[in-house]
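Positions are given from 1, in the same order as the sequence printed here. Worth saying up front: this structure is predicted, and the values here are computed from it rather than measured.
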Amino acid sequence: MKMLQHYRKIEIVSMALMWAVTIGVGIYLAVMYQKIPDVIPTHFGLWGQPDSWGSKTSLFFLYGVSVLMAVIEHWALYSAVKNSVKTENGSMINRDTMAVTGPFLALIFGWCSVGTIWLGRLGRFFVFAVFGLVAVLFVFILIRQRQERRQAQERGRIDKRREEEVHRTEKQDDTPGIPDVKFQGKVDLWAWALLIFVNVLVLWSVIPSAGGGKEEIASVMLALVVLLLVDLLMVPMYFRNYIYLGETEMVIVFGIIKKRIRYQNIELLEETHNPLSSLAMSLDRIYIHTNSGDDVLVAVKEKQAFIEEVYRRAGIWE
């Protein structure tokens, strides 16, 4: 109950909506289960048309996944709020992200369940609607990041931090002239399994349509193009994954993404298993708290050595 007072109204409403949709879909399935046909669609093509059928018991798996996602979202938001209270950090980007994605995922899974049962199809533009909403989510996150960075600069937090850093550096400083260090990113087994699963799932879904008509072949080609784009985005994250510590800043390299954080803006490095979207392929993570709106979650193989080295270069002594 003590933690509840730290939640914002939008976060309470968001979680309430997420659980209302999730529980509501569960009640609906339970009440209508006897009326649901014994055979229902279990797979859909790119245009929302069913192309595979099976037992209605498959709905339990779909609903189970939706409940699991709701639990993960709720726990992730709780962790984000707890981190904010613990570190007294004004950044709200992670909390805003969870507040948006929770209801979004609940509605998507609810749409899948109801569409599977009665519509016999998810809708011709289901896939494009999902991709469009994901794109909107990314734009929202980018806008919030820029807003937080601008607010931090306007309040003079960065300048104040720099003045404090100069004072500390003059008092105790052993960073000048130290060599650059590279820490390799950590990749968990689940991340490799995810990559393999995505590729196998897409290929398995399009192979039966490879010998069909023009429309089916077009769907196959579109699916393969999408898979290629996904692989071009994901695969580099596994092999081009490291953090480079220079004299005044760190450079996080994660696939095609490159992010720079100056040591003078770092406030705290916290060990965590927070599953929030991050520049990490492992749940054994480090939460880098900053006063410049550049908060990020990372994962490296030598976690303790990384934390100690960053603290040394940033002049943060515990």
Side-chain angles (χ1 to χ4, degrees), residues 1 3-33 41 44 48 58-85 89-119 121-148 194 198 230 272-278 280 283 285 287 293 295-297:
M1 293 299 294
M3 188 59 65
L4 184 61
Q5 65 183 351
H6 297 290
Y7 281 76
R8 297 173 297 168
K9 288 184 179 180
I10 187 174
E11 294 166 344
I12 296 175
V13 171
S14 171
M15 291 297 100
L17 176 60
M18 179 187 72
W19 282 114
V21 173
T22 302
I23 295 173
V25 170
I27 294 174
Y28 181 77
L29 292 178
V31 172
M32 303 299 297
Y33 189 75
F44 295 84
S58 62
L59 289 171
F60 292 122
F61 173 77
L62 179 61
Y63 183 67
V65 173
S66 69
V67 173
L68 177 61
M69 293 302 300
V71 171
I72 292 175
E73 289 286 328
H74 197 130
W75 180 76
L77 178 59
Y78 171 81
S79 298
V81 174
K82 186 177 179 180
N83 285 334
S84 296
V85 175
N89 193 337
S91 177
M92 292 291 173
I93 180 63
N94 290 326
R95 295 171 61 170
D96 289 342
T97 301
M98 301 314 302
V100 173
T101 57
F104 166 75
L105 290 175
L107 290 170
I108 290 298
F109 278 107
W111 185 356
C112 289
S113 297
V114 176
T116 296
I117 297 171
W118 301 122
L119 304 181
R121 54 181 292 173
L122 295 181
R124 185 175 180 85
F125 300 104
F126 175 77
V127 174
F128 300 99
V130 171
F131 278 120
L133 290 173
V134 171
V136 170
L137 177 61
F138 276 111
V139 171
F140 166 78
I141 294 173
L142 290 174
I143 292 175
R144 286 294 291 118
Q145 285 179 331
R146 290 184 179 181
Q147 287 177 341
E148 287 205 345
L194 175 63
V198 170
V230 170
T272 180
H273 291 85
N274 194 324
L276 285 171
S277 178
S278 64
L283 291 178
R285 298 174 171 182
Y287 194 141
D295 290 24
V296 66
L297 291 162

M18 and E73 have their tightest heavy-atom pair at SD-CB, 3.8 Å
Evaluate the criterion ring-ring contact (aromatic ring centres under 6.0 Å, His included) for residue pair F104 and F109; output intermediate values, then yes/no.
-> CA-CA 9 Å; F104 166 75; F109 278 107; 9.6 Å; no
Atom pair CG (L283) and CG (L297), whose distance is rounded to the nearest 0.5 Å = 10.0 Å
Measuring from L105:CG to L68:CG, what's the distance to the nearest 0.5 Å?
-> 11.0 Å
What distance separates L62 CG from L29 CG, expressed to the nearest 0.5 Å?
-> 8.5 Å
Nearest non-hydrogen partners of S14 and V100, listed with the distance = OG-N, 4.5 Å
Which heavy atom in Y7 sits nearest to a heavy atom in Y78, and how many Å separate them?
-> OH-CA, 3.3 Å
Distance, nearest 0.5 Å, that separates CD1 of I10 from CG of L17 | 11.0 Å
Do V65 and M69 pass the side-chain contact (heavy atoms from CB on, under 4.5 Å) test, and can you show the C-alpha distance, the side-chain angles, and the key distance before you say yes or no?
-> CA-CA 6 Å; V65 173; M69 293 302 300; 4.3 Å; yes
For the ring pair Y28 and Y63, is the centre-to-centre distance below 6.0 Å?
-> no
